[in-house]
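As C-alpha cells, the structure follows; a few thoughts come after it.
The chain is numbered in sequence order, starting from 1. When a ligand or atom number is given, it counts from 1 through the structure's own listing order. What you are looking at is a predicted structure, and each value in this text was computed from that prediction instead of being measured.
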Amino acid sequence: MCGIVAYVGKKNAQSLLLEGLKRLEYRGYDSAGICIGQDHTLHTRRAVGRISVLESALEHAQTQLPAGHIGMAHTRWATHGAPTECNAHPHMDDKNKIALVHNGIIENYSTLKQFLIEKGHTFSSQTDTEVLAMLIAHFYKPADKQAEPGADGERSALTKAVQAALHETRGTYGIAVMAADEPSTLVVARRGSPLIIGVGNGEYIVASDAAAIVEHTTQVVYLNDNEMAVIRPNGFRTMTIDDVPVTPEIKEAEFKLEQMELGQYEHFMLKEIMEQPTSIENCLRGRVDLLEGRVVLGGLANYARDLVRARRVIITGCGTAWHAGLVGEYLMEDLAKIPTEVEYASEFRYRNPIIEDGTVVIAISQSGETADTLAALREARERGALSLGVINTVGSTIARETDAGVYLHVGPEIGVASTKAFSGQVVVETLLALFIARRKYMSQQVLVEFLNALNKIPEQVRRVLEQTDTIKTVTEQYVQRENWLFLGRGYNYPVALEGALKLKEISYIHAEGLPAAEMKHGPIALISAGMPVVFIAPRGSQYEKILGNIQEVKARGGKIIAVASEGDEHIHTVADHVFTVPETIEPLQPLLTVIPLQLLAYHAAVARGCNVDKPRNLAKSVTVE
Ligand code: G6P
C-alpha cells in the first residue's frame, strides 16, 4: 500500500532509489515517481504503471535526471485520485520548493485544501498528499534556513515547517520531505505507516520496509508513531513531532538479501509455496521440546498465567490472516478449551465490542502493518484486553504495540498472495493452544503425541509439494471455468475459504469457499454440468459426511477435485481427480490440505497469463482502512 524509499549519502541516488522501489513494488504498483535534489532544485519524474515504465522514462535524453546524492521515490497504490501521472508521487508545492512522498491517508485534507486555496495556492492533483506538500510549503520560512548545514540540534526551516504542518494534520502517514533550499536535508516522519532508517557508512536509506534497505546496510532504526528524523550526510537526529529528542535505537535487520531474491523460481508465490517445509521448520525451531515434553514460547513466558486464566479469546485479522484465525478458533476451543471468536478487524474496530475481564485479543498479521488490524488491536487494548501478536515482520507496528507475541519466523513474504505466512500462522496458533492446554489439562503424553505430529509436518508438506505437476495438469483442464466452489468441514472449512481466496485473488476466477454441509442451503443451485468443485476431504471425523456431499455434487454434474488422504482408495471411485496428503491428526490437517490449493491457484493464474506476484487492484500490505 505505497512504498517509500529515500536516500542521503555519497552514491548516485537515482539507481539506488530505483532498486529500492523494485523491492517495494509489491506494496503498490499503479504508478511511481522519483525526486533528485541537485543545485538547489528538486527534479521530479513520475510515470503511470510499473517501476519499469519510470525506469525507461529516465533513460530518455529529454527526461533524464541530473546525478545527485539525495533523493526519494515512491510506488503508489491509489487511494485518493485515479492512478494518473499528476496523482503520482512525489508531490510538490506550487512553487516547486518542497517535495513529498507519502504512504497513508490525510483525513482532513479537504479542509486543509480549502484553507490553502483561500491563501492563494493552486493544486494540480486530486490527492491528499499534495495538500500536505503545500501545507509544509505554507509553513516554510526561508529565514530559518541558515540552520540547515549542521546536525547540531538547531531546527532547520524544513524541520519546523514539517512539524507545524503535521500538527494540523489528521490521519496516517509515513513521509519523506525535501526542500530545494536545503539541498542536503531529508526529513521523514511517521504516524500509522511504517518507516525504517537504514544507517550506513556516511549514508542513510529510509524505506517503508527493510526490503529496500538490507542490500546496503543491516543496521536499522524503526521509527515509532509520532516520531520524525532529520537526516543529513553527516548524521541524523530523531525526535517526536513535538520536537522532544528521542535516542535512536539501532538494531540488526531480521532478514537477509537472498530471502528476497527469486533464485530458481519464476515467481515469488511459487518460491514461497515451495519454501514451506523450511519455513515451517524455522517456525517450529526452538519451540518444540520433546525431551522435556513442552512448548517453549519465550515471548509469552511472563503471560502464561493470564493465558491459562483467560475466559475468552478474540482473534482478529484480515484476508488470509483471518482464515488462519478461523483455524485458530477451532484450535483454541478444541485444545485450549477457551471460548474463542474470530473477527474481521475492520468490523471489530467499529462495532463497539464487549471486552470483559479475562479477554485475550490475538492480532494476526503477516506484515504487522495492516491498518484495520492495528486499529482493532488498539481498540481492544483501550478496553483493557491483554493483547498478543502473531506477526511475521519483526519490529512492525503491531508487533511493537501488543503486550506479547510470537513471531512466525518464516522469512519475508513478497508474493501478494499469502502462502507461507498462512502455514506459519497456523503453526504458531497450534503451539499457542498447546502451550495453554498443557498448563490446563493436557497430559504430557498427549502433548508429546501432538509435538511429534507437528515435527513431521515439514516432511509431509514436502511430499504434497511433489504433486505440483499433477496439480498443474488437472488445473489446466478447468482453467476456463469462471466459477468454482471449495468445500470443507471442521478444520478444513477455513482451508476451503483460503483455497477460494487464493484462486480469486491471483487468477480472477470467481470462487466461493463454504462449509460443505451449507452447500445444500443455496449454493447447490449453482452447480451445473462440468463446474469444478474442490472438496477438502482427508480421512477424519467428518469423512463419511463429506463423501455424502461429494455424491450430491456429482449427481448434478459437477466435476470433483478432491484433496484426500494418501491410501484412500475409495475416494478415487467418486472423485474425478485426487490430490493426496499424508495422514496427520485432525487439528494439523490444514497445514497439509492448504498446500494443493495454493498450487492450484498458482497454476491457474499462470495458465491464464495473470501477473501472479502482483495481481490487479491488490497490495501486499493494506495500510489504509
Ligand atoms: C492484504 C493481502 C493479503 C493479506 C491481508 C492481511 O489483503 O493481499 O494477502 O492476507 O492483506 O495482511 P497481513 O499483513 O495483515 O497479514
Side-chain angles (χ1 to χ4, degrees), residues 1-3 24-29 77 79 103 192-194 208-211 267-269 272-273 279 315-328 342-349 361-378 388-402 405-408 410-426 428-429 494-495 497-508 513 594 597-598 601-602 605 610-625:
M1 189 104 330
C2 299
L24 298 178
E25 203 176 12
Y26 72 89
R27 297 177 69 87
Y29 33 81
W77 187 89
T79 55
N103 174 17
S193 300
S208 324
D209 184 327
H267 299 103
F268 279 107
M269 181 181 180
E272 288 157 7
I273 293 172
S279 62
I315 303 177
T316 193
C318 303
T320 289
W322 187 90
H323 293 156
L326 190 55
V327 181
V342 57
E343 294 244 23
Y344 286 110
S346 54
E347 291 297 313
F348 178 80
R349 61 182 291 198
V361 169
I362 304 177
I364 303 189
S365 173
Q366 187 286 128
S367 60
E369 303 292 349
T370 301
D372 282 321
T373 311
L374 177 60
L377 164 72
R378 287 178 177 161
L388 304 186
V390 175
I391 308 294
N392 192 34
T393 308
V394 174
S396 56
T397 312
I398 300 178
R400 284 182 296 147
E401 290 201 15
T402 38
V406 185
Y407 279 120
L408 305 185
V410 298
E413 190 180 67
I414 312 279
V416 166
S418 186
T419 52
K420 64 176 179 174
F422 176 84
S423 47
Q425 287 156 351
V426 173
V428 167
E429 289 172 324
V495 175
L497 295 178
E498 177 60 6
L501 176 65
K502 287 289 87 89
L503 191 63
K504 275 187 271 213
E505 64 184 343
I506 56 166
S507 69
Y508 320 139
V594 76
L597 307 190
Q598 296 171 341
Y602 172 76
C610 300
N611 189 330
V612 174
D613 286 331
K614 298 187 182 83
R616 68 184 180 205
N617 303 338
L618 295 176
K620 180 77 182 152
S621 178
V622 181
T623 53
V624 292
E625 65 172 285

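Thr393 places a side-chain N or O within 3.5 Å of a backbone atom of Ser367 that can act as its donor or acceptor partner. A donor-acceptor pair under 3.5 Å is formed between the side chain of Glu413 and the backbone N or O of Ala421. Looking only at distances, a side-chain donor or acceptor of Asp613 sits under 3.5 Å from a matching main-chain atom of Phe268. Gln425 contributes no side-chain N or O that, together with a main-chain N or O of Ile364, makes up a donor-acceptor pair within less than 3.5 Å. Of the possible polar contacts, none joining the Ser507 side chain to the Ala601 backbone as a donor-acceptor pair under 3.5 Å is found.
Residue Thr320 has at least one heavy-atom neighbour below 4.0 Å for each of these atoms of ligand 1: 10 (O). The contact set between ligand 1 and Ser367, taken as ligand atoms under 4.0 Å from a residue heavy atom, comprises 13 (P), 14 (O), 15 (O). The contact set between ligand 1 and Gln366, taken as ligand atoms under 4.0 Å from a residue heavy atom, comprises 13 (P), 14 (O), 15 (O), 16 (O). If you number the atoms of ligand 1 from 1 as listed, the ones under 4.0 Å from a heavy atom of Ser418 come out as 9 (O). Taking a cut-off of under 4.0 Å to the non-hydrogen atoms of Ala321, the atoms of ligand 1 that pass are 10 (O), 16 (O).
Rounding to the nearest 0.5 Å places CG of Leu377 at 10.0 Å from CG of Leu388.
Among the atoms of Glu505, none of the N or O lies under 3.5 angstrom from an N or O of ligand 1.
Ranking the protein heavy atoms by distance from atom 12 (O) of ligand 1 puts Thr370 OG1, 3.4 Å first. Ranking the protein heavy atoms by distance from atom 8 (O) of ligand 1 puts Ala619 O, 3.1 Å first. Nearest protein heavy-atom neighbour of atom 7 (O) of ligand 1: Val622 CG2, 3.9 Å. Nearest to atom 5 (C) of ligand 1 among the protein's heavy atoms is Cys318 O, 3.8 Å. Considering only non-hydrogen protein atoms, atom 9 (O) of ligand 1 sits nearest to Val416 O, 3.1 Å. Among protein heavy atoms, the minimum distance from atom 11 (O) of ligand 1 is reached at Lys620 O, 3.9 Å.
Side-chain contact check for Thr397 and Glu369: at least one donor-acceptor pair (N or O, by modelled atom type) lies under 3.5 Å.
Relative ring orientation between Trp322 and Tyr344 is described as parallel, the plane-to-plane angle staying below 30° on a 0-90° scale split at 30° and 60°.
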